[in-house]
Amino acid sequence: MATYALRRLIQMIPLLLVISLLVYSLTALQPGSPVDQLTFGNSNITPEDIARLKAAYGLDQPWYTRYFFWLGHAIRGDFGYSQDYSIPAAQFVFQQRMPNTLLLTVPALILSTLIAVPLGIFSAVRQYSIPDYVLTFFSFVVFSAPVFWVGAMALYFVAVYLPTATGGALSLPPGGLGSPDLPLDAGFWATTLDKLHYLILPLSILMLREIAVTLRFMRASMLEVMNQDFIRTARAKGLPSRIVLFKHALRNAVVPIITLLGLSIPGLFGGAVITERVFSWPGMGNAIIDALISKDFNVVMVSLMLLALLTVVFQLITDLVYAVVDPRIRYS
Amino acid sequence: MTVALAKPRRVRSNSTLQIALRRLLKHRVAMISLVIILLLILVAIFAPLIAPYDPNAQDLEGIYRPPGPGHVLGQDSLGRDMLSRIIYGSRISLLVGFTVAVFSVVLGTLMGVLAGYFGGRTDNLISRFIEIMLSIPELPLQLTISGLFAVSDVPAIAALRDNPLSSVFIIVGIFTFFGWMGTARLVRGEVLRLKNLEYVDAARALGAKNARIMLQHLVPNLIAIIIVNGTLAVGGAILGEAALSFLGFGIQPPVSTWGNMLSNANEVVLEHPYVAFYPGLAILLTVLSFNFLGDGLRDAFDPKSRL
Amino acid sequence: MKKTLAITAFLLGTALAGPANNSLVIGTSQEPPNIYDPWNTNNLAITSEINGYMGAALIGLDDNGDPYADIATRVPSLSNGDYKVVKNAAGDVVRNSVTYTIRKEAKWSDGTPIKIADFQFWLKLVNDDRVPVPDRTPWDRAKITTTDADTFTITYDPPYLFADQTSPGFAPQHVMGAAWNAFDAKTKNEKDAKVTNEEWKKFISSFTTSRNLPKVVAGPFKPTAWRSGNSLTMTRNTNYWNKPKGGEDKYVQTVVYRFIPNTNTLKVNILSGQLDALSAVGPTFDQGVDLQRNERGKFKTYFVPGAVWEHIDVNTRGQKAKDLDMDDPRMRQALLLSIDRDALTKALFQGKQAVSNSFVNPISKLYKKDVRDYNANVAQAKALFTQLGWTAGSDGILQKGGKKLSLNFGTTAGNSTRERVQQILQAQWKAVGVQVNIQNYPSSVFFGPDFLSKGADGKWDLAMYAWTGNPIFEEGNLFKGSGVPTAANGYSGQNNSGWVNAEYDRLHKQAQTEFNLTDRIKLFDRMQTIWNTEVPALPLYYRVNVYTKVPGLVNYTFSAYTLYPSWNASSIGWASRGAVEEYKQK
């Protein structure tokens, strides 16, 4: 298995190179240039100014030249400066955006897994019961509704409906990361409390979907195991159903959930684009879209390459973990 | 969204299709969904007869007028009747959904069969490509590709832009491009399993050509995957168009879709919530119907499932 | 919200914002990428607004557009001899120059006096190709000569029309000089622009970013904390020379900018009283209207006429323009008469954004009031169409010689206000038989090299966008004949319509060197009359800026001249703390 892992690791290098080339070229071929923002609406700008600015930013060179320049520096760990934020792109991504995203995605994943796994088991064990139908219906509704629409409706609910209905006693902030009038020296607990208050809404919206996904997955996985011969045999042999369920079925049914979790880890870092956008959460998802729109190459590259790297690495880890927990799988 | 794990079973000949159809007819939720979908299609076809107003007729006095007599779902940012717009919007939304579903399933099946049947270099090429595309977050990738089309100088694409429906074509193209990969992976797995079965070997031994084997022996057995994925893809495309619209990269006005009726939902939701509420509800109902139908079809093709 | 606020207040045991601690909390929807970059290498509105708190200038302009002396001892003028205009034998102005004396008490925030060297340092970098300054007008033709330790003269050759209304910037040479020299040494022989650019970013970001706050500033406030994605805090700089009436302790001591990208949140925070004021970069117009409805005496909403002019350029070049008579002023007049701009601004903007009939801002001294108003008049429009030979076809669309009057109408995609305007106009044109097809593009494409400037290739017929211009610096450049972008001039210039008028060009040229305001007004009167008759662009309206502030906050005002409420930062204060009101918001 060690050789298998090594081979996969080596295969990753060309894969990532191709991805970086693809992402860079796609970004470069996007309409406009970062210089546009400096010149829009300004009637004093001459084509000479634009040519001079393009040259100053190195944008007069073909994209492949710039790509290799980027690649040469990136290999040495130098990811350049962000065009839009005037700080090193890596600093922007890792210090300013990543923590906000993780603050949102990690609790969402943990909480929704804790809620969804038992619900999924319950749903499977009581297949075709009323609660099972209710949970199934819930999941389908969540899958079928546009995320941003649910978010917008939630915005209206907490920012307009709730305060009106309760005479102002209850409300939640409709977006952002903290109260504007909270003094900067408010202290750790006050700041954390305030942040939590702002976290409730985006977290809930994000969790809805994750609960629905994990719930369906867990239910299906559990059903699959419960229909397998060894469980039937165990039942036929008269083992108490509780023991069959929790000792035998659950152990096997959890394996796919590990896969699901493993594969969702890269997503934690990527943030939830739509949710972040609806609630103006200054996380990775928002950063990537903004950077793409304004062609902030270095930020696009750092964030997307990081996500691609995480995706391939966790794919490998998941495969390896799978082999360890499931004795039927062997890699050679 | 394909979450349910149930694997479509192997299907043999038309009788399996008939069995599945019979099973589907017994599936209550799926049948209700199918009825809703058929109704939606009728609404889309007969929109001019059903809609109370011209969907583009503006009423500058009635901008953002809330639901009331005359305009049961209210009026939008230009005083147009929301109900009529939703009725007309179903045309493009369903068109996008169906075309994307057909194209991506056909392409996905083709690629999956090629990869699975020929294996080796073909398989490697197709699988690596899918792997690369799936390693980059989907939404940013869709944005960049839609950006490319917006400015491309390739004459064919530039000519496309002259058509008011150009953004519809672009969206269909993008979702097809991203939609076929899931189907291809499933098909490939199924083909890998099928091609080593005796009857395929037998056909090959009898000197059947590759194309014939694929068309006559493999594809019919993939019918379950194709139908189920196709149904789910319709909903996926409608949702995807809405998400791109939200980010400002969807189908552009004046073509109206449920998605772009929602595009600035966020800006106005606090002041005029109903403007965002009803188009979203239309999307929810439609996508929900397709998802339930897809799920019902999956059950119908799965001999082990109870209905 | 009340409940949580109460809890928060209880937890902290401190007073909230506002007069209580003589601070000011401002909400904005944008965060600047950097601040106090003396060369303005990013020119976002929010950057300029925030820089207003930290910056000073030799000469400033107030809300009425009148110059006042800040760190210069007096306003230069022809009468006091500080402003000189040099003419040649033929009577043409060949160069002009302005002399400034720096106040003795003008200091950087670290106490170092502001010196002429700081101005020279600034000017040197503006004109250095390694420094990505977007717009060098008029500094690319300016030279500084020193008279004594505090007095210097800046000479513009060729002359600059508004030399007395502007003044050169300056940068702390004693702080940045060494770093610049290091940059200079490193990149002097560098051939790869990307390397130079990275070095430049390193240089400038070590003085302007959240990680490296500006080390010294010249204006009334200095930055003390910048938490990226959250807030920027500035406190009073006691070394700033100009003390407001009654002493600076009676005025705002701390200014906090809160960055709230979601305009919904911004709005809710205003409604719940968590913000004292909004920045000029804030809510949308619709949200402003909604805010105004919900004031309840807690705050007041202002709609300030701005310097952003929305209009539709009509492409007069190319074969299609000829076929469809777009090069004939009567066709353009007919198009303008067919639309009801009053109804449009009433429906969309409650009439708060006034209809425009000239390319000159109504608040400019050059504005001509009595030009033709082009109120909607379908009968007149139809008469003009008929006169030009256009008759309605069976489909109701006007046709002539087998050609339909069908126009492509583009604007920047994703701008919901413009898209609404566009659709209203489309419907109004349809009513008179003009078919308009909407074709929008992302702003980068729309303003990119292949669209607006390529009217000659027929890339567009109608294009809606805006120009931003300070009404002081109106030169009429947008419509000069030499500003028509062509292959020959490298697609230089902003006259995208391609409209050329010999008389307009002659007057424009004359006005460019007409240093007498009264005479210039006369020239502009005629220029506007010509323009208004020919309407190469269909004028729509001037945009307004929306902001709110709570009662009792004084001198937090702006106009189309000052653009941002920070122009008078030193005097912003709370009446209840003794601040004296100098300027009222108009």
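Order of the sequence lines fixes the chain letters, A, B, ..., with proteins taken first and strands second; residue numbering starts at 1 for each chain.
Counting only heavy atoms from C-beta outward, the side chains of B:Phe246 and A:Val147 never approach each other to under 4.5 Å. Residues B:Val287 and A:Phe143 are not in side-chain contact: their nearest non-hydrogen atoms beyond the backbone lie 4.5 Å or more apart.
Residue contact with chain B, scored on non-hydrogen atoms closer than 4.5 Å, is absent for A:Leu260. Within the 4.5 angstrom heavy-atom criterion, only side-chain atoms of A:Val18, from C-beta onward, approach chain B. Contact of A:Val23 with chain B is made through the side chain alone, with heavy-atom distances under 4.5 Å. Residue A:Val141 touches chain B through both its backbone and its side chain, counting heavy-atom pairs closer than 4.5 Å. For a residue to count as touching a neighbouring chain, one of its non-hydrogen atoms must lie under 4.5 Å from one of that chain's; by this rule B:Phe249 touches chain A with the side chain only. Interface residue A:Leu155: backbone and side-chain heavy atoms are both found under 4.5 Å from chain B. Using a 4.5 Å cut-off between heavy atoms, B:Ile136 touches chain A through its side chain atoms alone. Looking at A:Thr311, only its side chain comes within 4.5 Å of chain B, counting heavy atoms on both sides. Residue B:Leu141 touches chain A through its side chain alone, counting heavy-atom pairs closer than 4.5 Å. When heavy atoms are compared at a cutoff of 4.5 Å, B:Leu247 approaches chain A solely by way of its side chain, counted from C-beta outward. Contact annotation for A:Ala308: both backbone and side-chain heavy atoms come within less than 4.5 Å of a heavy atom of chain B.
Within the model, atoms CG of B:Leu139 and CD1 of A:Ile288 stand 9.5 Å from one another, a figure rounded to the nearest 0.5 Å. The CZ atom of A:Phe148 sits 4.5 Å away from the CG atom of B:Leu262 when rounded to the nearest 0.5 Å. Interatomic distance, CZ of A:Phe140 versus CG of B:Asp295, reported as 3.5 Å (0.5 Å rounding). Interatomic distance, B:Leu285 CG to A:Ser144 OG, rounded to the nearest 0.5 Å: 9.5 Å.
For A:Phe269, the ring-ring contact (aromatic ring centres under 6.0 Å, His included) criterion is met by no residue, not counting sequence neighbours. Applying the side-chain contact (heavy atoms from CB on, under 4.5 Å) test to B:Leu40 and every residue at least two apart in sequence or in another chain returns B:Ile36, B:Leu94, B:Trp258, B:Thr286.
Annotation for B:Val269 and A:Tyr156: closest pair O-CD1, 3.4 Å, computed over non-hydrogen atoms. Listed here is the closest heavy atom pair of A:Met153 and B:Pro273: CE-O, 3.8 Å. The minimum heavy-atom distance between A:Ala159 and B:Leu270, with the atom names listed, is CB-CD2, 4.0 Å. Pairing each heavy atom of B:Leu239 with each of A:Pro146, the nearest pair is CD2-N, 3.5 Å.
The side-chain contact (heavy atoms from CB on, under 4.5 Å) test with B:Thr144 singles out one residue from A:Leu26, A:Leu22, A:Leu29, A:Leu304, and that residue is A:Leu26.
In B:Arg28, the CZ atom is not crowded: 12 or fewer heavy atoms of neighbouring residues, nucleotides or ligands sit closer than 6.0 Å.
Ranked by heavy-atom pairs under 4.5 Å with chain B, the first of A:Arg277, A:Gln11, A:Arg219 is A:Arg277. If you tally non-hydrogen atom pairs under 4.5 Å between each of B:Pro137, B:Ser135, B:Gly259 and chain A, the highest count goes to B:Ser135.
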